[in-house]
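All remarks here apply to the structure that follows.
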Amino acid sequence: MEQGVKVVLCSGRPLAGVVPFLNQLGIAGDNQYVITFNGSIIETASGKILKEAGISRETYQAIDDYSQATGLPYNVLDQNSVVYTSNVNVAPMTVVQAWENEASIHIRKPNEIDAATQMVKAVFTGASEQLDAHEPQVRAQFGTDNYVVRAADLFLEVMHADVNKGKAVQYLANKLGFAPDEIMAIGDEKNDIPMFQFAGTAVAMGNGSAEA
């Protein structure tokens with residue numbers, strides 16, 4: 001970083017879930033950057049948002065309807081890293097997500113949340129086999145108007161259509177004046193693939209998914 005290299009954490013987590021690692025690495029201030037929610041929010045390390053895109057209220061309601069009809073657990077996150085779900089029996093991975101992000105879990109139906117609250121990302125979660133069975137239907141129902149990605153075996157995520165890690169890295173690179181061949185992207189999962197496709201050098205972790 002002292003030599004002008006930007007070290008940018010690019011995560012599916014909200015900012016609260018990334019801050020411990022930013023602190024550990026000494027990434028701070030308005031001259032350093034972080035990409036969160038799989039590219040939905042691009043911001044400085046001090047939290048100044050450069051670009052953001054969330055899911056619509058209609059999508060949020062449809063996701064809630066799908067969860068209630070099928071029994072597939074879900075949660076949504078707002079830009080302040082708060083976790084919401086209408087599942088009264090909260091899924092274990094929703095609890096883990098909230099713990100990782102040092103966030104509370106609010107049990108709410110969409111109509112119980114202030115309309116001004118912007119939901120950034122929705123996550124269907126469950127056993128790997130459960131998500132395998134639902135993924136085709138989720139993609140069919142939500143994939144046309146949103147970005148749907150299997151971020152990991154236990155997470156099937158729905159975001160704004162114009163969002164992914166690759167687009168976010170491209171936006172930040174353009175803003176900072178870096179060409180693709182000056183960028184190295186390191187990752188391990190399907191949500192990292194768009195970033196690999198943009199960066200001049202792509203590095204998949206040894207324990208990464210076969211797709212990555």
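Everything quoted here is computed from the prediction, not taken from an experiment. In what follows, residues are counted from 1 in the order of the sequence shown.
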Answer with yes or no whether the side chains of Asp78 and Thr117 bring together a donor and an acceptor at under 3.5 Å.
-> no

Exercise: do Thr44 and Asp30 side chains pair donor with acceptor under 3.5 Å | yes

Is the count of non-hydrogen atoms from other residues, nucleotides or ligands lying under 6.0 Å from Glu100 atom CD greater than 12?
-> yes

Flag the pair Tyr66 / Phe124 as yes when their ring centroid distance falls below 6.0 Å, and as no otherwise.
-> yes

Kindly determine whether Asn191 and Glu157 satisfy side-chain hydrogen bond (donor to acceptor under 3.5 Å, both in side chains), including the steps that lead there.
-> CA-CA 10 Å; Asn191 57 340; Glu157 304 187 353; 5.3 Å; no

Looking at side-chain heavy atoms only, is the closest gap between Met159 and Val163 below 4.5 Å?
-> yes

With no hydrogens and no angle check, is any side-chain donor or acceptor of Gln141 less than 3.5 Å from a backbone partner on Val138?
-> no

Can you tell me if Asn87 uses its side chain to pair, donor with acceptor, with the backbone of Tyr74 under 3.5 Å?
-> yes

Side chains of Ser128 and Arg150: does their closest heavy-atom pair fall under 4.5 Å?
-> yes

Above 12 or not: heavy atoms from other molecules or residues under 6.0 Å from CE of Met184?
-> no

Side-chain donor or acceptor of Ser67 paired with backbone N/O of Leu72 under 3.5 Å | yes

Salt bridge or not for Arg108 and Asp64, using N-O below 4.0 Å?
-> no

Does the side chain of Val123 reach to within under 4.5 Å of the side chain of Leu156, using non-hydrogen atoms?
-> no

Donor-acceptor pair, side chain of Glu112 and main chain of Lys109, under 3.5 angstrom = yes

Minimum-distance pair of heavy atoms, taken over all atoms of Pro14 and Phe37 | CB-CZ, 3.2 Å

Is there a donor-acceptor pair under 3.5 Å between the side chain of Asn174 and the backbone N or O of Tyr171?
-> no

Exam field: side chain Arg139 to backbone Thr144, donor-acceptor pair closer than 3.5 Å = no

Contact check, side chains of Met1 and Lys6, non-hydrogen atoms, under 4.5 Å = no

Would you check if there is a donor-acceptor pair between the side chains of Asn101 and Gln97 at a distance under 3.5 Å?
-> no

Measure from the side-chain N and O atoms of Lys165 to the backbone N and O of Cys10, and report whether any donor-acceptor pair falls under 3.5 Å.
-> yes

Can you find a heavy atom in the side chain of Asn75 that is under 4.5 Å from one in the side chain of Ile105?
-> no

Flag side-chain contact, heavy atom, 4.5 Å: Val34 against Glu43 = yes

Does one side chain, of Gln68 or Ser86, offer a donor that lies under 3.5 Å from an acceptor on the other?
-> yes

Do Ile49 and Ile42 come within less than 4.5 Å of each other through their side chains, counting heavy atoms only?
-> no

Side-chain contact test, heavy atoms from C-beta onward, threshold under 4.5 Å: evaluate it for Ile35 versus Val169 and give yes or no.
-> yes

Is atom CG of Asn89 surrounded by more than 12 heavy atoms (other residues, nucleotides or ligands) closer than 6.0 Å?
-> no

Mark yes or no for whether Asp114, through its side chain, and Ala116, through its backbone, hold a donor-acceptor pair below 3.5 Å.
-> yes

Gap between atom CD1 of Ile27 and atom OG of Ser46 - 0.5 Å precision | 13.0 Å

